[in-house]
Amino acid sequence: MLCLRRYASKNTAVLKRAQLDLKGIVQNSEKFRDSLVRRTPGVAATEPIDFLINNRNRQLELSSQIDQLRKRRNELGTQMKASPSDSVKQELSEIKAQIKPLEAKFAELDAAMYTTAESLPNLLDPGVPEDPDNGDIVEFINCSSEEDAENSLPRTKYDHKDIAENLGIVDFKVASRISGSSWYYLLGDGALLEQALVQYALAKARKAGYTLVSPPSIVRNEVIHACGFKPKDQNGEKQVYDLADEQLSLTGTAEIPLGALHSSSAIDKPVKYAGVSRSYRAEAGARGRDTKGLYRVHEFTKVELFHFTTTPEKAQQELEELRQLQTEIITELGLKAKMINMPTTDLGAPAMKKYDCEAWMPGRGNWGELTSCSNCGDYQARRLGIKWINSENESNPAMTLNGTAMAVPRVIVAIIEQFYDEASQSVIIPAVLRPFMGIDRISKS
């Protein structure tokens with residue numbers, strides 16, 4: 001059974017200050033420089049590393065001076081209690097006068113060092129592609145090449161929106177009037193398909209050893225920040241729905257509350273969770289053609305996978321296991337897709353390495369993301385206060401990973417567009433979903 005050790009938290013915050021490794025960053029400065037340059041090609045992005053290197057010794061010197069003065073102050077305090085004298089009193093007064101400005105200088109520099117280190121993205125895994133803009137295709141799923149998928153499922157005048165509306169399984173018009181653009185109602189067999197996808201994904205997760213969790217959809221902003229999610233993306237587009245006058249926001253993925261499940265605590269062995277929740281994305285609606293239909297929406301159901309593990313080597317192994325499970329799910333659904341080792345410009349700050357699975361969507365005339373999985377190393381654990389205690393009772397930051405088991409609307413798009421039978425004007429249901437739906441195709445009622 002998993003053993004958890006809960007650390008005392010401060011009354012003023014949910015999380016303690018992140019345990020950042022300033023010494024490690026300075027010692028591995030060239031690796032961090034390389035990571036910054038590769039993540040932001042063409043941008044002089046190494047100033048944070050320079051700042052940390054140039055000020056680390058000064059930070060340590062100030063800390064040492066303050067410690068020595070405090071030690072002497074304590075010694076003099078003891079002397080004053082034993083045999084008070086004017087000379088001791090004078091020296092004690094002088095030391096107190098010296099300590100105060102030094103502490104102020106240290107606090108200012110330490111805050112700047114901490115903020116700078118906290119802003120750094122994770123180091124890159126050696127296996128991340130060198131090309132910053134193009135990923136490497138790891139494998140094809142249910143097809144032999146991009147051409148095979150595109151030719152066997154040629155572009156069509158019918159996209160998923162047209163098909164779904166004709167079948168009466170989705171209503172965008174009423175949702176637009178009620179909620180605004182990029183919202184929707186799933187109706188009848190559309191709603192049934194959503195639930196079938198969720199139950200199928202949860203069944204796969206349970207079989208793979210995941211513990212099921214029903215997490216909250218509202219979390220504190222400091223938790224969102226600690227997980228590496230920012231209020232706005234690199235294009236300045238709003239990503240997170242925040243609650244007015246509250247330090248709370250709606251979660252864009254169950255990754256956030258799942259990651260916080262063991263915040264300010266320790267694990268003694270690897271553990272993995274599957275959480276199903278509604279997810280909220282504020283940025284939907286700013287992507288041109290993707291605003292049409294279900295591909296990019298503000299709210300959707302998602303089954304998320306999350307791992308807490310022990311060592312960097314174990315995290316690398318578990319990322320491959322996550323990828324294999326995702327491949328198995330897409331294979332069983334019968335969708336033609338490809339698995340991609342993503343380039344640096346597609347990695348968020350927490351991710352060391354990420355795989356995306358993209359399916360061919362004939363109606364869009366393009367490939368679209370279905371799943372992703374990432375190894376975040378100790379990036380999130382350091383910020384969430386999650387440690388791993390080994391058999392020798394030694395403490396180290398834990399490692400975290402996350403992955404999609406099922407992002408429902410995207411998979412519905414792929415199923416509708418890949419399995420639409422124009423002759424019968426129906427959508428064929430993948431065999432693995434039929435036990436959950438009780439039908440083998442969706443037809444117009």
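This structure is a prediction, so every number in the text was calculated from the model and none was measured.
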Can you tell me how far apart OG1 (Thr344) and CZ (Arg38) are? Round to the nearest 0.5 Å. 6.0 Å

Hey, could you give me the CG/CG distance between Leu333 and Asn142, rounded to the nearest 0.5 Å? 9.0 Å

What do you reckon, is CD of Glu394 surrounded by more than 12 foreign heavy atoms closer than 6.0 Å? yes

When you check the side-chain N and O atoms of Gln59 and Arg56, is any donor under 3.5 Å from an acceptor? yes

Applying salt bridge (charged side-chain N to carboxylate O under 4.0 Å, His left out) to Arg33 and not counting sequence neighbours gives Glu30, Asp50

Donor-acceptor under 3.5 Å (His160 side chain, Gly293 main chain): no

Would you say the side-chain atoms of Gln316 and Asn375 include a donor-acceptor pair closer than 3.5 Å? no

For residues 349-368, which residue pairs qualify under ring pair (Phe, Tyr, Trp, His ring centres under 6.0 Å), counting only residues two or more places apart or in two chains? Trp360-Trp367

Backbone N/O of Gly127 and side chain of Asn341: donor-acceptor pair under 3.5 Å: yes

Are the side chains of Glu255 and Gln380 in contact, using a 4.5 Å heavy-atom criterion? yes

Checking the side chain of Gln19 only, and the main-chain atoms of Arg17 only, is there a donor and an acceptor separated by less than 3.5 Å? yes

The reported gap from CZ in Arg382 to CD in Glu118 (rounded to nearest 0.5 angstrom) is 12.5 Å

Determine the minimum heavy-atom distance between Pro430 and Phe419, stating which atoms define it. CG-CE1, 3.6 Å

Does the side chain of Phe300 come within less than 4.5 Å of Leu294's, by heavy atoms? no

So CD1 of Ile163 and CD1 of Ile169: to nearest 0.5 Å the spacing works out to 9.0 Å

Asn402 side chain near Cys376 side chain, heavy-atom distance below 4.5 Å: yes

Please walk me through it: do Tyr273 and His262 pass side-chain contact (heavy atoms from CB on, under 4.5 Å)? CA-CA 11 Å; Tyr273 296 108; His262 294 316; 2.7 Å; yes

Pair Lys302 + Glu304, salt bridge at N-O below 4.0 Å: yes

So CG of Leu335 and CD1 of Ile329: to nearest 0.5 Å the spacing works out to 11.5 Å

In terms of heavy-atom contacts, does CZ of Arg278 have more than 12 from other residues, nucleotides or ligands at under 6.0 Å? yes

Student check: side-chain heavy atoms of Pro215 and Leu261 closer than 4.5 Å: no

Under 3.5 Å donor-acceptor, Tyr114 side chain and Ala18 backbone: yes

Considering only heavy atoms from C-beta outward, does the side chain of Glu369 approach that of Ile340 to under 4.5 Å? no

Passes side-chain contact (heavy atoms from CB on, under 4.5 Å), Arg39 versus Leu347? Steps please. CA-CA 8 Å; Arg39 285 175 179 270; Leu347 301 184; 3.8 Å; yes

Please name the pair of heavy atoms, one in Thr404 and one in Ala407, separated by the smallest distance, quoted to 0.1 Å. CG2-N, 3.6 Å

One thing to verify: whether Glu328 and Lys207 come together as a salt bridge, which I'm taking to mean a side-chain N less than 4.0 angstrom from a carboxylate O. no

Is Lys354 reaching over with its side chain to a backbone N or O of Asp346, donor-acceptor style, under 3.5 angstrom? yes

For the side chain of Ser152 and the backbone of Asp148, is there at least one donor-acceptor N/O pair under 3.5 Å apart? yes

How about Asp189 and Leu167: do any of their side-chain heavy atoms sit closer than 4.5 Å? no

Counting only heavy atoms from other residues, nucleotides and ligands, does the tally under 6.0 Å from CD of Glu108 exceed 12? no

Go through the side-chain N and O atoms of Glu321 and Gln317 and say whether any donor and acceptor fall under 3.5 Å apart. yes

Please check if the side chain of Thr251 supplies one atom and the backbone of Ala254 the other of a donor-acceptor pair under 3.5 Å. no

Please confirm whether the backbone N or O of Lys31 pairs with a side-chain atom of Asn28, one donor and one acceptor, at under 3.5 Å? no

Verify the distance criterion only: is there a donor paired with an acceptor across the side chains of Glu147 and Asn151 at less than 3.5 Å? no

Rounded at 0.5 Å granularity, tell me how far CG in Leu305 sits from SG in Cys373. 9.0 Å

Contact check, side chains of Arg364 and Glu417, non-hydrogen atoms, under 4.5 Å: yes

Taking the side chain from Gln326 and the backbone from Ser372, do they hold a donor-acceptor pair closer than 3.5 Å? yes

Between the side chain of Ser35 and the main-chain N/O of Asn122, is any donor-acceptor distance below 3.5 Å? yes

For Glu103, give me all partners under salt bridge (charged side-chain N to carboxylate O under 4.0 Å, His left out), at least two apart in sequence or on another chain. Arg70

Listing request: all ring pair (Phe, Tyr, Trp, His ring centres under 6.0 Å) pairs with a residue in residues 173-209, at least two apart in sequence or in separate chains. Trp183-His298

Applying salt bridge (charged side-chain N to carboxylate O under 4.0 Å, His left out) to Lys272 and not counting sequence neighbours gives none

Is there a side-chain contact between Ile141 and Cys357, using heavy atoms and a 4.5 Å cut-off? yes

Assess, by modelled atom type and distance only, whether the side chains of Ser424 and Arg441 contain a donor and an acceptor separated by less than 3.5 Å. yes

Tell me, please, which residues at least two apart from Phe306 pass ring-ring contact (aromatic ring centres under 6.0 Å, His included). Phe308

